[in-house]
Amino acid sequence: MADRKERFALLSRYSRLHATRYEAKPQLNLNVEQWAADALVDSYGLQECYDLLQYYFDVAQSPNWKYFANYAHDILDRRQQYKQDLLERKQRRELAKKWLSE
């Protein structure tokens, strides 16, 4: 079970990102949503949750807490696929550059 501070820190980070994007605080019941935050922190760790939340806000058209809490594993998979894709593209560009310079 995650520390109470960590749960509310994750919810606070979500609120800050939401307020920055929409210029309004989200309507969250913190007493209910702290348990979803607890599960996320237990599963991924607080720093990974922060990174994942930032990535989610960067790519989602209309991010919301329920979707993030329920599909964090899918978001994590997509982020890893994206990083892998970038790495493979970089390697292919280097190979193409080497091939063209010969």
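- A distance of 6.0 Å or more separates the ring centres of F57 and F68.
- Remark: Y22 pairs with H18, S62, P63 by the side chain to side chain contact (heavy atoms under 4.5 Å, CB included) rule, at least two apart or across chains.
- In terms of the ring-ring contact (aromatic ring centres under 6.0 Å, His included) criterion, Y44 has no residue partners (sequence neighbours excluded).
- Atoms CG and CD, from L86 and Q91 in turn, are 11.5 Å apart once rounded to the nearest 0.5 Å.
- Under the side-chain hydrogen bond (donor to acceptor under 3.5 Å, both in side chains) criterion, the residue pairs touching residues 66-81 are E33-K66, E48-R79, with sequence neighbours excluded.
- The list of salt bridge (charged side-chain N to carboxylate O under 4.0 Å, His left out) pairs with a residue in residues 13-29, not counting sequence neighbours, is empty.
- Identified under the salt bridge (charged side-chain N to carboxylate O under 4.0 Å, His left out) test for residues 88-102, with sequence neighbours left out: D85-R89.
- When the side chain to side chain contact (heavy atoms under 4.5 Å, CB included) test is applied to Q47, the partners found at least two apart in sequence or on another chain are Y50, D51.
- In terms of heavy-atom proximity, L46 sits nearest to E6 at CD1-O, 3.7 Å.
- Between V41 and R7 there is no side-chain heavy-atom pair separated by less than 4.5 Å.
- The two residues Y14 and L28 have their closest heavy-atom pair at CD2-CD1, 3.7 Å.
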Legend entry - From CA spacing to verdict: side-chain hydrogen bond (donor to acceptor under 3.5 Å, both in side chains), D38, Q34: CA-CA 6 Å; D38 180 58; Q34 71 173 324; over 6 Å; no
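- Every residue was checked against the side chain to side chain contact (heavy atoms under 4.5 Å, CB included) condition with L100, not counting sequence neighbours, and none meets it.
- Looking at L76 and Y56, their side chains never come closer than 4.5 Å, going by heavy atoms from C-beta outward.
- Remark: A69 engages A36, L40, W65 in a side chain to side chain contact (heavy atoms under 4.5 Å, CB included) (not counting sequence neighbours).
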